[in-house]
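The structure under discussion appears below in the form of C-alpha cells.
Treat the numbers as computed from the prediction; the structure is a model and nothing was measured. Just so we're on the same page: letters track the sequence lines, and every chain starts at 1.
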Amino acid sequence: MPEGHTIHRAANDHRRLLKGRVLRITSPQGRFSDGAARLSGSRCDDVEAFGKHLVYRFDTGDVLHIHLGLFGRIRKRKLPEPDPVGAVRVRLVGDTHLVDINGPAICEVLDPAQFARLKDRIGPDVLRADADRERAFTRILKSRTGIGRLLMNQSVLSGIGNIYRTEILWRQNIHPDRAGKDLSRADLERIWTDAAALLVLGVKHNAIITVDDAPAGKGRYRERVNIFNKDRCPACAGPVTRLEIDNRRAFVCAVCQPAPRP
DNA sequence: TTGATTGTTACCGG
DNA sequence: TCCGGTAACAATCA
C-alpha cells in the first residue's frame with residue numbers, strides 16, 4: 001500500500017478527524033508503551049506527510065513519526081473502540097474515530113530538534129506546495145546514477161514508490177538506466193510535473209491510476225497502470241522487459257524507452 | 001508452509 | 001562526498 005499518495009491521503013483524513021483534539025494513545029502489543037505514555041493526553045495540533053513519512057504534531061512539541069515501510073498499514077475505525085486487528089503498534093483514539101497503525105518500519109517520538117533533522121533529511125516532496133524542486137534537480141543533474149534509482153531515493157525527492165517509478169518513466173519515454181546527469185532540465189520538469197499530477201490523482205481516488213482516461217470503477221488491485229507487471233506495452237504492443245533495480249521490480253518498453261548507450 | 005511484496009536504514013569499502 | 005553492495009527489518013496474503 002505505501003506510496004506517497006497513501007500517506008498524504010491518510011494525513012488529510014487524520015487531520016480532519018484528530019486536529020485540535022486531545023488523543024488517548026495506546027500500544028496494544030506493548031511494543032510502543034513508552035512512546036504512547038509520553039504522548040497520550042496531549043492535543044494533536046496537526047497531521048502532515050513528508051514523502052512517505054507521516055507525522056502527528058502535538059501541543060507539547062513532540063511529534064509522532066510513522067513510516068510504514070513495505071508492509072505497514074493504516075486503519076481508521078469508528079468508535080466505540082473495536083478490538084485491534086493484526087499487529088497494531090499504536091492506536092490513536094479521538095472523539096469519533098480511532099487510527100490503528102499496523103507493522104510500521106518506524107514508529108517513534110521526536111522532539112522538535114529531531115523533527116527538524118528528519119525534515120532536512122527528506123528530499124522535496126512532489127505533493128507538497130512548499131517543495132523545492134531545484135534541490136532535487138541539482139542533485140540529479142550531477143549524478144552518474146540511473147534515474148530509476150534516483151527516483152526511489154527519498155533523500156533526492158520523496159513520495160515516489162516502486163509502481164509510480166515504472167509508470168512515470170514509461171510515460172516520459174525515459175529508460176531507468178539513463179544517468180541523471182544525461183537528462184535535461186526539461187526532462188526533469190516533465191518527470192516532476194507528471195509525478196505530482198499522478199500522485200494527486202492517487203490521493204483523490206485512493207488508487208494508483210496512471211492510464212489516461214481511466215475508466216470508472218476500480219481495478220482489481222486498486223491500480224490502473226500501463227506497464228507495471230504487464231506483458232505488452234499499451235503504446236506499441238511490443239514486449240515489456242522486466243528489470244530489477246535495487247532489488248525491486250521495474251518494467252520497461254525497449255521501444256518506447258530506448259536504453260542508454262553502454 | 002512458502003514466497004512475494006506499493007520501503008528504508010546502517011555499514012563498509014572503493 | 002558519492003556510489004555500489006550487503007544485510008536487517010517489518011506484516012500480510014495467496
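Between B/dT8 and A/R121, no contact under 4.0 Å exists linking OP1 or OP2 to a side-chain N or O. Contact check, A/R248 against B/dT6: a side-chain N or O comes under 4.0 Å of OP1 or OP2. Within the 4.0 Å cut-off from OP1 or OP2 of C/dC2, not a single side-chain nitrogen or oxygen of A/T145 is found. Side-chain N/O atoms of A/R249 include none lying less than 4.0 angstrom from OP1 or OP2 on B/dA4.
In this structure, the CZ atom of A/R149 is 6 Å from the C1' atom of C/dG4, given to the nearest Å. Here the P atom of nucleotide C/dG5 and the CD1 atom of A/I245 are 13 Å apart, to the nearest Å. If you take CG of A/L150 and P of C/dC2, they are 12 Å apart, rounded to a whole angstrom. At whole-Å resolution of the value, CG in A/N247 and P in B/dT5 are 11 Å apart. Computed from coordinates, the A/L68 CG to B/dG7 C1' distance equals 10 Å when rounded to whole Å. Distance A/I160 CD1 to B/dT8 C1': 16 Å, rounded to the nearest Å.
Remark: nothing in residues 187-200 of chain A comes within less than 4.0 Å of DNA chain C through any heavy atom. The stretch residues 126-144 of chain A touches DNA chain C through A/S143, A/R144, each having a heavy atom under 4.0 angstrom from the strand.
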The contact string for nucleotides 9-14 of chain C, one letter per nucleotide 5' to 3', using protein heavy atoms under 4.0 Å with B, S and - for base, sugar-phosphate only and none, comes out as -BBS--
Intra- and inter-strand pairing of DNA chain C, written as dot-bracket with Watson-Crick and G-U pairs under 3.5 Å and | for the latter, reads .||||||||.||||
Would you tabulate the pairs of protein nitrogen or oxygen atoms and nucleotide nitrogen or oxygen atoms of nucleotides 10-14 of chain B closer than 3.5 angstrom?
none

Output side-chain donor-acceptor pairs under 3.5 Å for residues 78-89 of chain A, partner residues at least two apart or in another chain, one line each.
| unit_1 | atom_1 | unit_2 | atom_2 | d |
| --- | --- | --- | --- | --- |
| A/E81 | OE1 | A/R24 | NH2 | 2.6 |
| A/E81 | OE2 | A/R91 | NH1 | 3.1 |

